[in-house]
Amino acid sequence: MTSSNQFSRKTIRRSALTTALGLSLSLLSVSAIAQSNVTGSIFGQVPADAGTSVVVHNVDTGFERSSQLDNGGRYRLGSLPTGEYTVKLMKDGQVVSTRENVIVSIAGGSEVSFGGAGGSAATALDRITVTASGAAALDVSSIDTRTVFYAKDLQKLPLPRDVASVALLAPSVVNNTSYAGAPSFGGSASSENAYYINGYAVTNPLTSIGFTTLPFDGIDQMQVLTGGYGAEFGRSTGGVINTTTKRGTNTWQGGVAAFWTPESLRADPVNQPYPDTGAFGPDNTDPKKRTDGQLYAYRKENQSWNLTYGAYVGGPIIQDKLFFYAAGEITKRQGNSVRSTNNVGGSDNTSPTGYNTYKYKMPRWMAKVDWQI
């Protein structure tokens, strides 16, 4: 093999991803808000007694909403920000039953019902408190095929810190080797997917391959839709990755993190030889020019290291009213690669395809403000 130093070329590429800046004015008053693909709902049935109502309380932000019952004792509270809730059954202004740890997931519904027929179970006792996961095993309010990943799960999963790698855990989602970072859903092309952050479409508008990303620690919930989803996810015949970002709470929080993948701990790539087929060389006459066992692809120089570091902070500006959350992350990667076993370039033979040194720096930033009017 010809020395790679003859074709050495240093290429420096800097890729700055679009800043994900979300400003949420959550008009969470007594008036109803149109259901979106970034909120959830709580619904159920309770004894339809006079003076009975249901109140939901967000554990992290103090946000509350109430609902009266219909004639059949049914209720539904939609357009709820994702998170953990406490659901209270009220009668004449008094709490008679409580359900805690009710999780509202992105674009999903959680069923919370109280008591039995006629309301005897809810009125015979002074108070009932149930502490358990309030989310239904099956979300009967939706017909789509979905997999939801929560922030606490993303911190534990042994996966690369990117959205595409997490999506591969959903059924029928596979990696597309032709387009790095753009998975394939159910056999569809990678260009047939749609990507959303806080309800905004962030799919590459030019090629439909790829999408805007945000700091990994800024992801609150990530929903992977593989079929049966509605018209709110337009321009998609493959699948949908729907992401919501974290928000500030009544508790101050912050942190820093760094992840390093050194080159010395990576396995050494192995060169690829031609298979033993008995084929002759280009002139098809000289046995000494057989390709059997000869070098096909030189890969030993394909090495790199990665470093990702970032920080986040969030908390209340005004308790129970105004919150902010900000996060930043920078990923650096540097390494070498050999693209070919020879120096054959383009049609004019002037574009070398040999030894390549590359360096990337990818910053990601996110800031979010929530105002509960």
Side-chain angles (χ1 to χ4, degrees), residues 1-20 154-168 175-183 190 195 197 202 204 206-207 209-219 241 243 255-273 295-312 326-346 350-367:
M1 176 179 177
T2 308
S3 174
S4 61
N5 292 333
Q6 295 179 351
F7 320 116
S8 175
R9 182 181 61 174
K10 184 174 183 180
T11 304
I12 301 177
R13 301 196 310 176
R14 304 173 65 92
S15 174
L17 299 177
T18 305
T19 301
L154 298 179
Q155 299 300 324
K156 299 176 182 179
L157 293 173
L159 294 170
R161 292 168 58 84
D162 64 80
V163 170
S165 297
V166 178
L168 296 179
N175 188 29
N176 190 335
T177 57
S178 299
Y179 304 101
S190 295
Y195 305 89
I197 296 179
V202 294
N204 186 321
L206 181 62
T207 63
I209 299 176
F211 49 94
T212 301
T213 60
L214 66 157
F216 196 76
D217 287 327
I219 298 176
I241 296 180
T243 304
V256 296
F259 303 89
W260 179 41
T261 306
E263 179 179 331
S264 58
L265 296 183
R266 290 182 180 272
D268 293 330
V270 179
N271 293 338
Q272 295 179 344
L295 182 65
Y296 171 73
Y298 185 78
R299 303 179 64 247
K300 281 191 174 182
E301 296 294 332
N302 297 349
Q303 283 282 20
S304 64
W305 58 264
N306 292 274
L307 174 63
T308 300
Y309 55 92
Y312 68 92
E329 180 181 276
I330 296 178
T331 298
K332 294 182 177 180
R333 182 179 181 183
Q334 183 173 342
N336 309 315
S337 66
V338 177
R339 303 179 183 178
S340 176
T341 57
N342 53 47
N343 191 31
V344 177
T350 59
S351 302
T353 58
Y355 187 84
N356 181 53
T357 298
Y358 56 87
K359 181 186 294 184
Y360 301 94
K361 181 179 180 181
M362 294 170 284
R364 302 178 180 91
W365 313 99
M366 186 204 80

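Just so it is clear, the values below take in all heavy atoms, side chains as well, and ignore hydrogens, waters and symmetry mates.
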Take N302 and S337 through the side-chain hydrogen bond (donor to acceptor under 3.5 Å, both in side chains) test and state the conclusion after the steps. CA-CA 4 Å; N302 297 349; S337 66; 5.0 Å; no
Criterion side chain to side chain contact (heavy atoms under 4.5 Å, CB included) on Y358 and Q334, from CA distance to verdict: CA-CA 6 Å; Y358 56 87; Q334 183 173 342; 5.9 Å; no
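Between atom CG of residue N336 and atom CD of residue Q303 there is a gap of 8.5 Å, rounded to the nearest 0.5 Å. Summarising the geometry, atom CD belonging to E263 is positioned 10.5 Å from atom CG belonging to N306; distances are rounded to the nearest 0.5 Å. In this structure, F259 CZ and F216 CZ are separated by 9.0 Å, a value rounded to the nearest 0.5 Å. For the atom pair W260 CH2 and T308 OG1, the distance stands at 13.0 Å (nearest 0.5 Å).
L159 and S165 make their closest contact through CD1-O, 4.1 Å (heavy atoms, listed as atom of the first residue, atom of the second, distance). Between G218 and M366, the shortest heavy-atom distance links the atoms O-SD, 4.1 Å. Of all heavy-atom pairs spanning E329 and D217, the tightest one is OE1-N, 4.5 Å.
Residues satisfying the side chain to side chain contact (heavy atoms under 4.5 Å, CB included) test with Q272, not counting sequence neighbours, are Y296, A297, R299. N204 pairs by the side chain to side chain contact (heavy atoms under 4.5 Å, CB included) definition with L206, T207, not counting sequence neighbours. Evaluation of the side chain to side chain contact (heavy atoms under 4.5 Å, CB included) rule for K300 yields N271, Y298 as partners, not counting sequence neighbours.
A donor-acceptor pair is defined here as one N or O able to donate and one able to accept, closer than 3.5 Å; such a pair exists between the side chain of R266 and the backbone of S304. With hydrogens and angles disregarded, a donor-acceptor distance shorter than 3.5 Å links the side chain of S190 to the backbone of A182.
Looking at heavy atoms from C-beta onward, Y360 lies out of side-chain contact with T331 at the 4.5 angstrom threshold. Counting heavy atoms from C-beta outward, K361 and I330 have side chains that approach closer than 4.5 Å. A heavy-atom distance below 4.5 Å is found between the side chains of L168 and P183. Under the 4.5 Å side-chain criterion, counting only non-hydrogen atoms from C-beta, F211 is in contact with V163. Looking at L307 and R333, their side chains never come closer than 4.5 Å, going by heavy atoms from C-beta outward.
When only modelled atom types and interatomic distance are considered, R364 and T213 share a side-chain donor-acceptor pair under 3.5 Å.
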